[in-house]
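This one's a predicted model, so the numbers in the text were calculated from it and none came from an experiment. Protein chains get the first letters and strands the later ones, always in sequence-line order, with residue 1 at the start of each.
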Amino acid sequence: MSTLSSIERIWFVVNLIPKGNVLPYGVVADFAGLPGRARYVSRALKLAPQNLTLPWHRVINSQGKISFANNTDAFQTQQQLLRLDGIEVNAGKISLSQYQWKPDIATLVMTLPF
DNA sequence: CCTCTGACTCAGA
DNA sequence: TTCTGAGCCAGAG
């Protein structure tokens, strides 16, 4: 039996985000069964080991923006990775109505090992 | 136990 | 649209 820890569930959900889609921190938390813990998602991504090769760049804030300051390397990197995914990014802003991942919840629930 | 710090969020203005 | 303030919560000291 596989009981994943909170941080592992967050990593699991992030890994499911398809190329060409994005998901706000808060929604990742919801899917991971941790409602109201968007800040924990950001911490989980920071703590994620490199060997996991998570698509961390697909996680943005609820306003549809990259959460790093626009004068940082991290901001530039994330923006570039999103564009490589084929996503339109303007000054760090992404259209959530156009790119937010909206999986069939029933199917998702059966997919999650928790 | 208390304080401070975030890759956050929501409601107002 | 952008900016604030308050709320949020786990970790670190």
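Heavy-atom contacts of chain A under 4.0 Å fall on DNA chain C between two terminal nucleotides, which in 5' to 3' order are C:dT2 to C:dG11.
Placement of A:L47 and A:I10 within a single hydrophobic cluster is found when ILVMFWY residues are connected by side-chain heavy-atom separations under 4.5 Å, directly or transitively. In the hydrophobic cluster analysis, where Ile, Leu, Val, Met, Phe, Trp and Tyr join through side-chain heavy atoms closer than 4.5 angstrom, A:L84 is grouped together with A:I94. Criterion: ILVMFWY side-chain heavy atoms under 4.5 Å apart, direct or through other members. Under it, A:Y25 and A:L52 are part of a common hydrophobic cluster. Hydrophobic clustering of Ile, Leu, Val, Met, Phe, Trp and Tyr side chains at less than 4.5 Å, counting indirect connections, unites A:I105 with A:L96.
Taking the side chain as every heavy atom from C-beta outward, A:W56 and A:T77 approach each other to under 4.5 Å.
Panel note: side chain A:R58, backbone A:L23; no donor-acceptor pair is recorded below 3.5 Å. The backbone N or O of A:Q63 sits less than 3.5 Å from a side-chain atom of A:N61, completing a donor-acceptor pair.
Of the candidates A:L34, A:L45, A:V28, A:L34 is the only one forming a side-chain contact (heavy atoms from CB on, under 4.5 Å) with A:Y40.
Rounded to whole Å, the P atom of B:dA7 lies 16 Å from the corresponding atom of C:dG13.
Residue A:K65 is classed as having no contact, given no heavy-atom separation below 4.0 Å to the nucleic acid.
The CG atom of A:L96 sits 14 Å away from the C1' atom of B:dC8 (whole-angstrom rounding).
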When you compare the protein's N or O atoms with those of nucleotides 1-7 of chain B, which come within less than 3.5 Å of each other, and at what distance?
unit_1, atom_1, unit_2, atom_2, d
B:dG6, N9, A:R39, NH2, 3.4
B:dG6, N2, A:R43, NH2, 3.1
B:dA7, OP1, A:K46, NZ, 2.2
B:dA7, N3, A:Y25, OH, 3.0

